[in-house]
K.L.:
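Here's a structure for you.
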Amino acid sequence: MQEKEKAQGFRHDFTPSELKALLFHSKKCPECEGELSKEKNCEMVKGEDVNSSSAPFFVSNIRVNHYGYVFQCQKCGKVFTLMELAEKN
């Protein structure tokens with residue numbers, strides 16, 4: 001049986017306003033005021049793929065879990081990214 005490949009690191013990408021929205025803003029839909037449910041997404045990428053000029057984080061030959069969040073309204077069904085929620089608040 002083949003083992004699932006494990007990540008050797010992780011990364012979250014947040015601007016300060018996105019982090020503020022994730023931690024402190026109410027999780028209400030900007031359209032209808034319904035409750036938002038949070039879903040955490042994860043994709044495994046190569047270390048060099050998450051390197052950028054703003055975040056020099058060069059790890060060449062490792063696997064990194066790259067996390068992100070989306071929010072879905074329980075009432076109207078609309079889906080929002082964390083960036084969209086930060087802009088609307």
K.L.:
To the nearest 0.5 Å, tell me how far His25 NE2 sits from Leu36 CG.
P.N.:
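Atom-to-atom, His25:NE2 and Leu36:CG are 13.0 Å apart.
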K.L.:
Any side chain to side chain donor-acceptor pair (under 3.5 Å) involving residues 73-85? Give me the pairs, sequence neighbours left out, ordered by first then second residue.
P.N.:
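Every side chain to side chain donor-acceptor pair (under 3.5 Å) pair that includes a residue of residues 73-85, provided the two are not neighbours, is Ser37-Gln74.
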K.L.:
Scan residues 15-30 for pairs that pass salt bridge (Lys or Arg N to Asp or Glu O under 4.0 Å), counting only residues two or more places apart or in two chains.
P.N.:
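Qualifying pairs, neighbours excluded: Lys28-Glu35.
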K.L.:
Looking at CG of Leu22 and OG of Ser17, how far apart are the two atoms once the value is rounded to the nearest 0.5 Å?
P.N.:
11.5 Å
K.L.:
Same cluster or not: are Leu23 and Val70 linked, directly or through other Ile, Leu, Val, Met, Phe, Trp or Tyr residues, by side-chain heavy atoms under 4.5 angstrom apart?
P.N.:
no
K.L.:
Any side-chain heavy atom of Gln72 within less than 4.5 Å of one from Phe80?
P.N.:
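No, every pair of side-chain atoms sits at 4.5 Å or beyond.
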K.L.:
Run the numbers on Asn41 and Tyr67 for side-chain contact (heavy atoms from CB on, under 4.5 Å), then give the verdict.
P.N.:
CA-CA 6 Å; Asn41 297 330; Tyr67 293 99; over 6 Å; no
K.L.:
Do you know the tightest heavy-atom contact between Gly34 and Cys73?
P.N.:
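Minimum heavy-atom contact is CA-SG, 4.0 Å.
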K.L.:
To the nearest 0.5 Å, tell me how far Tyr69 OH sits from Lys38 NZ.
P.N.:
5.5 Å
K.L.:
Side-chain heavy atoms nearer than 4.5 Å, only ILVMFWY residues, links allowed to pass through others: does that put Met83 and Phe24 together?
P.N.:
no
K.L.:
Is it possible for you to say whether Phe71 and Leu19 belong to one hydrophobic cluster, with membership spreading through side-chain heavy-atom contacts below 4.5 Å?
P.N.:
yes
